Protein chains: 2
Amino acid sequence: MADPLDPRMFDPVCPSSAMPIQIGDKWTAMVVLCLEGGRRRFTELRAPLRGITPKVLTQTLRAMERDGLITRTAYDENPPRVEYELTALGRSLLALIAAARAWSKDHLPALLEAREAHDDSPRARRPLR
Amino acid sequence: MADPLDPRMFDPVCPSSAMPIQIGDKWTAMVVLCLEGGRRRFTELRAPLRGITPKVLTQTLRAMERDGLITRTAYDENPPRVEYELTALGRSLLALIAAARAWSKDHLPALLEAREAHDDSPRARRPLR
DNA sequence: CGGAATCCTCTTCGATACTG
DNA sequence: CAGTATCGAAGAGGATTCCG
């Protein structure tokens with residue numbers, strides 16, 4: 001159907017982890033991007049979402065299914081096979097994710113710079129504890 | 001400077017609380033919207049953000065100041081007066097918030113409908129516990 | 001292969017009370 | 001007025017192990 005997902009698709013070194021925009025829960029936007037190119041199997045999704053445990057991936061997929069963002073198709077085979085696919089509603093999030101990425105491309109460096117400058121300043125006002 | 005903020009600005013009855021898009025932490029986007037019309041004082045912000053405790057508002061404002069989204073200006077008066085104002089970086093979030101609101105206007109009803117239909121279905125697959 | 005069951009930590013948020 | 005200081009509850013997320 002589509003090429004295998006690149007395991008480095010979401011490199012943790014990338015500062016996108018500091019991105020102040022979140023769609024759904026922690027992994028939702030990444031799942032949407034993984035499914036952008038077509039349907040994928042459970043294990044296929046685990047590769048680019050490095051570090052995600054099966055429990056959390058299941059939770060994420062269930063919540064997305066509940067909200068009508070994806071569909072789940074189980075094939076009665078052995079070994080079992082399950083495929084997830086974006087719905088039209090799920091695909092509607094792609095534009096929003098693109099907007100968030102565009103904001104990050106344009107402004108995240110400034111945010112991180114401000115943060116660093118603040119953290120390096122001894123006079124800076126500190127968070128409450 | 002500007003008109004008083006409407007205490008019903010963020011009506012909790014509005015399903016925007018179910019919006020699957022979040023900017024910063026829970027209150028960040030609302031603070032940005034409160035500051036859209038100009039600088040505001042601490043207590044002024046508490047009215048529309050109903051239910052926020054001073055501690056949490058302080059945390060939110062501190063984090064936003066650290067990230068260069070707002071500036072804080074304290075006047076040496078008695079009683080004290082402090083004003084918060086959006087920076088250019090903070091204003092850059094307005095477009096993103098508008099995009100999120102537009103998505104919600106167009107698609108949130110479908111999401112909530114899917115959720116309800118799913119929850120009403122006895123055969124539906126339930127979240128992990 | 002695609003999960004489920006269990007346990008646990010960490011952060012976030014809120015309630016309450018007090019202060020310069 | 002504009003915060004601080006504590007305390008506590010809750011839930012998200014993760015580690016580990018096991019199953020049809």
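Hydrogens, waters and symmetry mates are skipped; everything else that's a heavy atom, side chains included, is used. Everything numeric in this text was worked out from a predicted model, so none of it was measured. Sequence lines set the chain letters: A, B, ... in the order given, protein chains first and strands last, and positions in each chain run from 1.
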On the six-membered ring of B:Y75, is B:R81 placed so that its NZ or CZ lies under 6.0 angstrom from the centre and within 45° of the ring axis?
yes
Length of the line joining [X]:[atom1] and [N]:[atom2], which is rounded to integer Å:
X     : N      : atom1 : atom2 : result
A:N78 : C:dG2  : CG    : P     : 12 Å
A:K26 : C:dC10 : NZ    : C1'   : 12 Å
A:K55 : C:dA5  : NZ    : C1'   : 10 Å
A:Q59 : D:dG13 : CD    : P     : 8 Å
A:D76 : C:dG2  : CG    : P     : 14 Å
A:R62 : C:dG3  : CZ    : P     : 7 Å
A:I52 : D:dG14 : CD1   : P     : 7 Å
A:L45 : C:dC1  : CG    : P     : 14 Å

As a test of understanding, state which of B:V31, B:L61, B:L69 forms a side-chain contact (heavy atoms from CB on, under 4.5 Å) with B:Y84.
B:L61
Heavy atoms under 4.0 Å, any strand shown: does A:Y75 hit a base, just sugar-phosphate, or nothing?
nothing
Taking any heavy-atom pair under 4.0 Å as a contact, classify A:L128: base, sugar-phosphate, or nothing.
sugar-phosphate
Between [X] and [N], is there a side-chain N or O to OP1/OP2 distance below 4.0 Å?
X     : N     : value
B:T43 : D:dA2 : yes
B:R72 : D:dG3 : yes
B:R81 : D:dG3 : no
A:R41 : C:dC1 : no

Among the candidates C:dG3, D:dT16, D:dG3, find the nucleotide nearest to the side-chain atoms of A:T53.
D:dT16
Which is more 5' along DNA chain C, the nucleotide nearest A:P79 or the one nearest B:V56? Just name the residue.
A:P79
Counting distance only, does the side-chain N/O of B:R40 pair as donor-acceptor with the main-chain N or O of B:E83 below 3.5 Å?
no
Within a radius of less than 6.0 Å around CZ of B:R8, do more than 12 heavy atoms belonging to other residues, nucleotides or ligands occur?
no
Flag the pair B:E65 and A:R125 as a salt bridge only when some basic side-chain nitrogen lies within less than 4.0 angstrom of an acidic carboxylate oxygen.
yes
Which sits closer to the 5' end of DNA chain D, B:E83 or A:D25, going by the nucleotide each is nearest to?
B:E83
